[in-house]
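Chain letters run A, B, ... following the sequence lines, proteins first, then strands; residues in each count from 1.
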Amino acid sequence: MDHLEQLENRSIHILREAYANFRQLCMLWSIGKDSTVMLWLARKAFFGHVPFPLVHIDTSFKIPEMIAYRDKLAAEWHLNLMYGQNEVALAEHRTYPDGAVDRLTCCGLLKTEALRRTLSGEGPRYRFNHATRTYERDRNTEPFTGVIVGARADEEGSRSKERYFSPRTTQSEWEVQDQPPEFWNQYKTEFAPGTHVRIHPLLDWTELNIWEYIGREQIPTVSLYYNHGDGTRYRSLGCGPCTQKVHSEARDVSEIIVELRTGKFSHIAERSGRAQDKEDGGGLESLRRDGYM
Amino acid sequence: MTKLATEERMSIVIVGHVDHGKSTIIGRLLADSHSLPDGKLEQVKELCARTAKPFEYAFLLDALRDERAQGITIDSARVFFRTARREYIVIDAPGHIEFLKNMITGASRAEAALLVIDAQEGVQENSRRHGYMLAMLGIKQCVVLINKMDLVGFDQAEYEKLVKSLTAFLAQVNITPACFIPVSGRDGDNLADASTRMPWYHGPTVLQALDTFEPEAPPVGLPFRLRVQDVYKFTGQGDDRRIVAGTIDSGQISVGDRLVFLPSGKRSSVKSIEAFNRPTQTEASAGWATGVTLTEQIYVARGELAVRESDPLPQVTTRLRVSLFWLGQRPLEMRKEYALKMGAARIPMRLESVDRVIDASTLAARPNATRVERHDVADCVLKIGKAVAFDLASDLPVTSRFVIVDEYDIRGGGIVREALPDQQGWVREKVLVRNSKWERGSIPLERRAERFNQRATLLLFTGPTETERKALAKELEGRLFAQGKVVYFLGIGSVLYGVDADIGRQRENRLEHMRRLAEVANIMLDAGMILIVTAAELTTEDLEVIRAAVEPERIETIWVGDRMTTDLECNLYVSDGEGRAEALERIETRLKDLGVVYRPW
C-alpha cells in the first residue's frame, strides 16, 4: 500500500463514519481541487454514489468557468447539489468589488455569513433539478448537523489544529483550545442540540498528494489551474477580484506535480494568491473561528 | 508551508513532562535538518529581539498568535522535517496536564515516539503518565531522550544512573525503547549532529535513530477482522448491489471465503469485492476500506465484527475486564450510564467494579477505589447493555480497543484484557450453533418485508400482574391486522404448557422459559411477522436472555401499568389512567417512527 492509498483509505473510513452517524449531513464543495478530490473520495466510499447533498457557497464573484464546471459534474455524476448565497448583502451591494467594504468584511458576509445561514437553513438553498438543469429553491430547511469540509492541515497554520471531527458551537464558532480527544478511529459523532460537527477527511493530505491523486485517478479539474500559454496559472481558486495567479509554466497535472516536487513553491504559502488572508494578519484564524471553511 | 515530495513519511510524537524541553527539541530539529522556510529563523530571532525576550527554538513552533502569549504549544500541531531517508511529521504533544487529550490525539496518529526526560529532574509525573499511555495506545517504536545534558555537565555517570532507573520503569509499563540518547536541545548536541562534548557516547543521533524505524506494515498475516461500518443499498442508476462496507483491521479475504458475523453468528460467503474506479479484485487485505457482497442475503448491521470461519474466533460477551485511561472532567463512576464505542458498535455501558487505580505519578495502586478520576489509569470491569464481539489485547490489539462516551464527548479509552463470563453466555452458545445450522428458505427477509409492508418485530408487553396488558395487546393485534399487517398475538401461557411441557414451572427454570419463548419468537420474526407477546413482570435479566436469541434491534418493550415492579427499563410506558385509544395511538405512532410499519405515502 503506497502513501496515496493510505490517505485514500483513511479518508474513506472517515466519510463512512460521517454517513453512518449524521442524519443531516452535507459536503461543502468549493469547486477547487481539494473539495473535488473529496467528492471523488465520496464516490469511492459509496461505490459510485454520493448519498448526501453537496453545498456550494456562491459569492456570485466566482470565476465563471468554475460555475460551468460545477453544473457539468453535477449532471454527469448525478449529484444532489445545492447552493446558498447571502442575497441581502448582494442586493445591498455591501461587497468589496462594489467598493463598499474591505476584503475581510466581504469574505465575512459572502462566505462565512452565507455558509452559516445555508447550513442552519435560515438562508435560502437552491437545489439542482436534473430534469430541467436549473436551480430551484429547496423546501427542506432542516439544519445540517454534520458538514464535510476539504480543509488540509498543511494548507495554513490554523488548520493543523483541527480534528477529523471538530465540533462547532451554536454560533458556528470553533473553540480551538477545548477540543475533544480523537484516537483509534473513534470520532466525535455526538453533539448537543444546535451545535454541529465539521468533518475533515483531507486533514492529512498535502498539496502534492492532491495533485498526485488527481493524476492517478484522472479526476476532472477546472482548467484555471493550468498555464494556457501566458506563463501563469491559479494555484488556489476563489473569487475573481481577490484571487491572483502565480507564475508557472505547468500546463497539466503531471507538470504541476513536477513543479511541486522540485520545490518551486516550497517557501511560498499556497494561499498567497488569496488577498483576504493577508488582511487577516497572515492567517485564516480569525475567519475560521467565526465559522469560515 | 508546502513540502517536497519524498517517497516515505512517518508520523512521530514527542512526549514528556512539561518544561523538559520538547518544543525546543522540535525547533532545533527543524532548524538543524534545514527544514525551515527561508528567513523564518531570522524572523523569529528578530521578533524576540524587538520584544526583548531571549530567543528560544520553541518559538518556531508557535504558529498561532495567541500561543506565543501563553508560552506553551496548545494543540497537536504538526511540524514537518526531512532527513536523507524520509519526511517526518512531528505531532507536538504538549506536556501541560490540561492538554493530555491533545497528547493522546497526537500519539494515536503516530508510528513512533520520542520520550523526553530532563537530565536534572529525572522522571516526573507526566513522564510516567505518558509512558503508560504510549504503551496502551499501542506505540511500539520509542526512543528516550535524556535532555539538558548541558545542565549536568555532560556527565556520563548521571546519564547511566538515569538510564538504569528509566529502564526499570519502562519495563513496568511494557515499553522497550530502541535506545537512550543523551542530548542538549538548547545547543543541538546529538540531535542532527553528533555531540563533541560527550565523547563517551557512541550511539546514534536522534535523526539517525529515527531513520532506523520502519513504517508499520498493515497486519495482513493476522486473523481476518472487519468491523461493519454500514450495509449500503444505493438504488440510483439501477444499482442493485447490497454491500457490506468497512475497513479491514487485520488479515485478508478472498472471494469465496466463508464469513461469520458476530455477535449475531450469521454466516455467508464473499460473492464479490467491490470498489469504485479500480480494476476488479478478488482479494482485499488489512488497511483497505473495502466492501463485499454476499452470496446469501443475511441481515447484518453496523457494529458487527466480520471474521473468517477458518480463522480463530473473537470473544463475545457483555462483561469486559479492561485497562483504561480517563480524561473526563467528572470521574468515571458506578451507577451511571455511559456509551462504549468499539469499532462501529455503540453500546450502553456501566462501570461494574474498579479493580485498581494506578496513580500515574508513582505507578502505585490506589486501593479500594470506587471511581476513576481525571487522568487516572485503571483496571476495571465494564458491563455493557448487549453483547459485542472483540479480541483481547494480547491477541489482536486493534480489535481490543474501545472508547467511552459521556454526554457528547469521548472521555476515556482502553483495551480489553479479558472476556468475563456473563449470564447469557449459555444462550449465546446455543444461538451460535443454531445460526450455523439454520436452513434458509428461498425468500430473503427483505422480500417478505416488502410484501408485508412491515419490518419483522417483537413487541413485548409487560408490567404488574393485575393490569389490562393482554386486552391492550390483543386490541393492537386487531388494529394492525385490519391495516393489512401480518401480526400474531402470543401469550406466554401458550408456550409454557406446550413448548415448555418438559420443564417444570419452578423459579430455576425461568431463564430457560425465556430462552424458549425467544426461540419461538425468532422463528416468527424470520417468517416476517410482527409478534406481540405478553408476559408479566419481565426483568432486565429476562430481557437479556431474550436479546441473546432475538436481534436486539427487533425488540420493542412496552410497560403497562403505573407501578414499577421490576428493574426493567422499557421503550414505552402506558399508565393505568391513560385511555386505551390514546395508548394505542401512541404505540402505533412509535411503530411508524421506528419504521416497523411503513407510513402511508
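- Remark: side-chain polar atoms of A:R163 are not paired, donor with acceptor, to backbone N or O of B:T105 under 3.5 angstrom.
- Proximity to chain A is limited to the backbone of B:A286, based on heavy atoms less than 4.5 angstrom apart.
- For the atom pair A:R16 CZ and B:T247 OG1, the distance stands at 6.0 Å (nearest 0.5 Å).
- Heavy atoms of B:R346 lying under 4.5 Å from chain A belong exclusively to its side chain.
- Neither the backbone nor the side chain of B:V398 comes within contact range of chain A; no heavy atom of the residue lies under 4.5 Å from a heavy atom of that chain.
- With a threshold of 4.5 angstrom between heavy atoms, A:H13 approaches chain B through its backbone and through its side chain.
- In this structure, chain B has no heavy atom under 4.5 Å from any part of A:D2.
- Chosen from A:Q218, A:K188, A:Q6, A:R10, the residue pairing most often with chain B at heavy-atom distances under 4.5 Å is A:K188.
- Taken from NE2 in A:H78 to CD in B:Q237, the straight-line distance is 4.0 Å, to the nearest 0.5 Å.
- The two residues B:Y408 and A:P193 have their closest heavy-atom pair at OH-CD, 3.5 Å.
- Proximity of a side-chain donor or acceptor of A:E190 to a complementary backbone N or O of B:D409 within less than 3.5 Å is not detected.
- With a 4.5 Å cut-off on non-hydrogen atoms, B:I410 touches chain A through its backbone and its side chain both.
- Among all heavy-atom pairs drawn from A:P181 and B:L327, the shortest one is CG-CD1, 3.7 Å.
- Closest of all the heavy-atom pairs between B:Q229 and A:A20 is O-CB, 4.0 Å.
- Atoms CZ and CD, on B:F276 and A:E217 in that order, are 8.0 Å from each other to the nearest 0.5 Å.
- Pairing each heavy atom of B:G291 with each of A:F47, the nearest pair is CA-CZ, 3.7 Å.
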CA sep, side-chain torsions, deciding dist, call: B:R9, A:T206, side chain to side chain contact (heavy atoms under 4.5 Å, CB included): CA-CA 12 Å; B:R9 300 176 93 190; A:T206 64; 3.3 Å; yes

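- Atom CZ of A:R23 sits in a sparse spot, with 12 or fewer heavy atoms from other residues, nucleotides or ligands closer than 6.0 Å.
- Between atom CG of residue A:N185 and atom CG of residue B:D249 there is a gap of 8.0 Å, rounded to the nearest 0.5 Å.
- With a 6.0 Å radius and a threshold of 12 heavy atoms from other residues, nucleotides or ligands, A:K245 has its NZ atom above the threshold.
- Here the straight-line distance linking atom CZ of B:R109 with atom OH of A:Y164 works out to 4.5 Å at 0.5 Å rounding.
- Contact record, A:I12 with B:A289: CG2-CB, 3.5 Å, taken as the closest heavy-atom pair.
- Side-chain atoms of B:F402 and A:Q186, non-hydrogen and from C-beta on, never get closer than 4.5 Å to each other.
- In this structure, the portion of B:D230 lying under 4.5 Å from any heavy atom of chain A is its side chain and not its backbone.
- Side-chain rings of A:F46 and B:Y232 approach one another, their centers coming within less than 6.0 Å.
- To the nearest 0.5 Å, atoms CH2 (A:W184) and NZ (B:K341) are separated by 13.5 Å.
- For B:R401, the parts lying under 4.5 angstrom from a heavy atom of chain A are both the backbone and the side chain.
- Using a 4.5 Å cut-off between heavy atoms, B:S11 makes no contact with chain A at all.
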